[in-house]
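As the structure is a prediction and not an experimental result, all values here were calculated from the model.
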Amino acid sequence: MYRPWFSRLLQKLNDLIHLFIALALAGASILVIIQFGKDVWHGLHAHNLTLAFLHALGTLFILWVLSSLIGAETTYLRDGTIPLTVFVEVALITLLRQLILIPVEGDTGHSGAWQGLGFYWMIIAAVLVVGIAYYLVSRRN
């Protein structure tokens, strides 16, 4: 049995949730910008400037992801749609960030799954696959 009032209530709740998500993404972006500033500041005072720069670059990639998600939320709040390319773009950015941070984490003494050249090549292969998927999805639009 269809209840129009219930459907409107759920739509209003969904709009409220998406507004909360947009505000949370904006807050997270501000915090990541502050973290980027800290990374640059520590980089200027570090003995290993290259390592600090790569770490700051990794933080910048997080900001890029947040920017993509904020753009998607803006589109959703305006049109009610979320482009598929956003999800593929976020996956690609995340993989590229990981590719950059593998040498940084190796230099800082972190161990575990990041050890080994095989894992590095696996990330490269994933970047290529997701890059091709991004090309195909964006070309479709």
I need the [X] [atom1] to [Y] [atom2] distance, nearest 0.5 Å.
X: I33; Y: I62; atom1: CD1; atom2: CD1; answer: 12.5 Å
X: L10; Y: I17; atom1: CG; atom2: CD1; answer: 9.5 Å
X: I93; Y: Y134; atom1: CD1; atom2: OH; answer: 8.5 Å
X: W5; Y: R8; atom1: CH2; atom2: CZ; answer: 9.5 Å
X: T85; Y: I82; atom1: OG1; atom2: CD1; answer: 11.0 Å
X: L69; Y: S29; atom1: CG; atom2: OG; answer: 8.5 Å

Decide yes or no for L92 and L96: does some side-chain heavy atom of the first lie under 4.5 Å from some side-chain heavy atom of the second?
yes

Are F53 and D39 close enough that some pair of their side-chain heavy atoms sits under 4.5 Å apart?
no

Heavy-atom pair of closest approach, residues [X] and [Y]:
X: L95; Y: I123; answer: O-CG2, 3.7 Å
X: L77; Y: H18; answer: CD2-CB, 3.9 Å
X: V137; Y: V88; answer: CG2-CG2, 4.5 Å
X: E89; Y: S68; answer: OE2-OG, 2.6 Å
X: P83; Y: T75; answer: CD-CG2, 4.2 Å
X: G58; Y: R97; answer: O-NE, 2.9 Å

Under the criterion side chain to side chain contact (heavy atoms under 4.5 Å, CB included), I'd like the reasoning laid out for T94 against F61: C-alpha separation, chi angles, the key distance, then a yes or no.
CA-CA 7 Å; T94 304; F61 271 74; over 6 Å; no

Linking I/L/V/M/F/W/Y whenever any side-chain heavy atoms sit under 4.5 Å apart, do [X] and [Y] land together?
X: L63; Y: L23; value: no
X: I30; Y: V32; value: no
X: L57; Y: I124; value: yes
X: W121; Y: V127; value: yes
X: M122; Y: V129; value: no

Side chains of Q35 and T59, donor plus acceptor under 3.5 Å:
no

Under a 3.5 Å threshold, yes or no: a donor from one side chain and an acceptor from the other, between Y76 and N14?
yes

Could you walk me through whether W64 and L60 pass side chain to side chain contact (heavy atoms under 4.5 Å, CB included), step by step?
CA-CA 6 Å; W64 188 8; L60 200 57; over 6 Å; no

